[in-house]
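So you know, we letter chains A, B, ... as the sequences are listed, proteins then strands, and number each from 1. Please read all numbers here as calculations on a predicted model, not as lab measurements.
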Number of protein chains: 2
Amino acid sequence: MTKKSERRVDALSKQGIIDAAIGILDSDGEAALTFRALAARLMTGAGAIYWHISDKDELLVAAVAHVVGRALRNVAESNDARGAIRALLLGVFDAIEAHPWVGTQLAREPWQPAMGHVFEGIGSRLAASGVPASRQFEAASALVNYILGAAAHRAAAARALPRGTDRTAFLGSVVARWVGDDIGAYPFVHSVAGQLRDHDDRAQFLGGIDLILAGLDWQIVT
Amino acid sequence: MTKKSERRVDALSKQGIIDAAIGILDSDGEAALTFRALAARLMTGAGAIYWHISDKDELLVAAVAHVVGRALRNVAESNDARGAIRALLLGVFDAIEAHPWVGTQLAREPWQPAMGHVFEGIGSRLAASGVPASRQFEAASALVNYILGAAAHRAAAARALPRGTDRTAFLGSVVARWVGDDIGAYPFVHSVAGQLRDHDDRAQFLGGIDLILAGLDWQIVT
DNA sequence: AATTGCATGGAACAATGTTCCATAATTAGC
DNA sequence: GCTAATTATGGAACATTGTTCCATGCAATT
């Protein structure tokens with residue numbers, strides 16, 4: 001029989017717990033991250049986890065910081081300042097695409113440290129690209145809002161398409177639910193239904209970024 | 001003694017339940033909306049509610065649809081097509097400011113009917129303002145992403161500032177947590193810390209909209 | 001060697017969304 | 001007008017969750 005409360009050889013640690021949480025989130029989704037599942041994966045009890053971590057919120061914030069931090073460190077350097085902004089935002093986008101729960105968490109808690117890093121990354125690159133100081137805050141905020149919305153969107157998409165579900169069919173059903181039997185009330189949705197079903201998310205994301213950056217150029221010129 | 005399961009004179013109804021839910025959400029916040037609180041407010045049991053509504057998700061979706069629908073109906077008409085877009089987006093923004101839980105719910109479930117209405121409203125006004133058909137979908141998507149990010153942001157702000165908390169102090173503490181003791185790592189955040197603390201959310205929101213609309217004009221011209 | 005603090009893990013607790021069910025009031029069928 | 005079926009009701013019961021408590025033993029310090 002096993003003695004109670006033995007000291008483990010592979011000691012628990014905050015980082016180990018975070019890694020296990022990320023593993024669960026990635027493989028089984030956001031709903032699967034429970035303290036019981038986490039305890040099972042770490043072969044311990046729920047109480048032991050709480051000695052290293054104060055609550056689930058801290059765990060999620062740390063997991064997001066881990067993923068976003070890595071994404072930001074891997075952003076390629078670029079001589080072109082505008083290209084650097086695009087690279088940064090695409091890096092975050094790709095990280096969310098690979099770990100959709102990150103999108104949910106960023107949208108739920110936008111003031112967590114990871115958002116500070118993103119904001120700093122955007123703002124410093126805006127400054128480097130010649131945006132006047134008076135416009136940097138507004139531009140960086142707009143880009144952060146935009147990426148936050150995209151994050152929420154991607155996370156919801158991943159939740160709705162759990163296992164290689166047919167994306168086109170799902171988006172088609174979304175349009176059908178919206179429009180219902182009253183096509184007349186949704187002329188625009190109806191006219192872009194095809195694009196809605198078949199568009200490339202990454203290209204669309206980048207298109208929005210370019211729209212904002214183009215607006216910045218325009219405002220600077222005038 | 002009370003007989004069991006009498007029929008009420010003021011019959012329960014889906015709309016009545018939704019109204020009660022909105023009342024709780026508005027006055028006591030998102031965390032306060034439980035089926036027990038709802039049952040208490042309606043002077044019934046949890047089971048009775050489930051006869052009218054399938055689950056909490058449907059309730060929240062209906063509550064959001066109610067608030068957003070009213071906001072969209074109250075958007076002022078405008079001869080100026082660009083002004084009409086601004087008016088629509090500001091209407092949604094103000095509705096979220098008045099009912100911050102709407103922001104949380106839109107971010108969690110971006111494919112709910114309310115988002116369809118917003119998307120349609122934006123798109124049809126873009127079309128009316130002369131945006132070529134080939135760019136309407138991208139532009140509308142960008143604006144939807146932007147407003148979704150702003151919605152998540154405003155909801156989080158309301159959650160963090162429960163009762164006339166000092167907004168400036170809170171935002172200052174956010175910056176302090178981000179930067180920590182390493183100012184050198186956050187030159188941009190440090191440089192805009194003042195604006196972050198004191199900015200006007202509504203003006204900032206509108207600024208982002210104008211940035212995107214300006215980008216649209218620029219892309220159309222070139 | 002004794003004491004103090006660190007860590008562990010399982011049991012217990014409170015809260016939540018949801019389901020079940022006994023029971024009435026209402027409606028439909030004859 | 002009676003009976004059967006349907007519509008509503010509301011409270012109890014259930015499963016699951018995050019979290020707290022606590023008995024236990026290991027490690028370091030005195």
What closest approach, in Å, do [X] and [Y] show between heavy atoms, and which atom pair accounts for it?
X: A139(B); Y: L126(B); result: CB-CD1, 3.8 Å
X: V64(A); Y: A114(A); result: CG1-CB, 3.8 Å
X: I122(B); Y: L143(B); result: CG2-CD1, 3.7 Å

Would you kindly say whether T104(A) and R159(A) are connected by a side-chain donor-acceptor distance under 3.5 Å? yes
Examine dT9(D): is either OP1 or OP2 under 4.0 Å from a nitrogen or oxygen in the side chain of H52(B)? Give yes or no. yes
What's the [atom1]-[atom2] distance between [X] and [N], to the nearest Å?
X: F35(B); N: dA14(C); atom1: CZ; atom2: P; value: 23 Å
X: E30(A); N: dT16(D); atom1: CD; atom2: P; value: 20 Å
X: I49(A); N: dG9(C); atom1: CD1; atom2: P; value: 10 Å
X: K56(B); N: dA15(C); atom1: NZ; atom2: C1'; value: 11 Å
X: L42(A); N: dG10(C); atom1: CG; atom2: P; value: 13 Å
X: L60(A); N: dG18(D); atom1: CG; atom2: C1'; value: 12 Å

Among D200(B), D201(B), D198(B), the one residue meeting salt bridge (Lys or Arg N to Asp or Glu O under 4.0 Å) with R167(B): D201(B)
Would you indicate which nucleotide in [options] comes nearest to any side-chain atom of [X]?
X: Y50(B); options: dG9(C), dT18(C), dA8(D); value: dT18(C)
X: W51(A); options: dC6(C), dG17(C), dG9(C); value: dC6(C)
X: A11(A); options: dG17(C), dT8(C), dT19(D); value: dT8(C)
X: T44(B); options: dA7(C), dG10(D), dG17(C); value: dG10(D)

Walking DNA chain C from its 5' end, the first of A48(A) and R36(A) to be reached, judged by nearest nucleotide, is A48(A)
Touch check for L38(A), heavy atoms < 4.0 angstrom, all strands: base, sugar-phosphate only, or nothing? nothing
Contact class for I53(A) vs. all strands (heavy atom < 4.0 Å): base, sugar-phosphate, or nothing? nothing
V61(A)/Q105(A) under side chain to side chain contact (heavy atoms under 4.5 Å, CB included): CA gap, chis, key distance, verdict: CA-CA 8 Å; V61(A) 165; Q105(A) 293 308 315; over 6 Å; no
Within residues 12-21 of chain B, which residues have any heavy atom lying less than 4.0 Å from an atom of DNA chain C? none
Is the shortest distance from a Lys or Arg side-chain nitrogen in D28(B) or R41(B) to a carboxylate oxygen in the other one below 4.0 Å? no
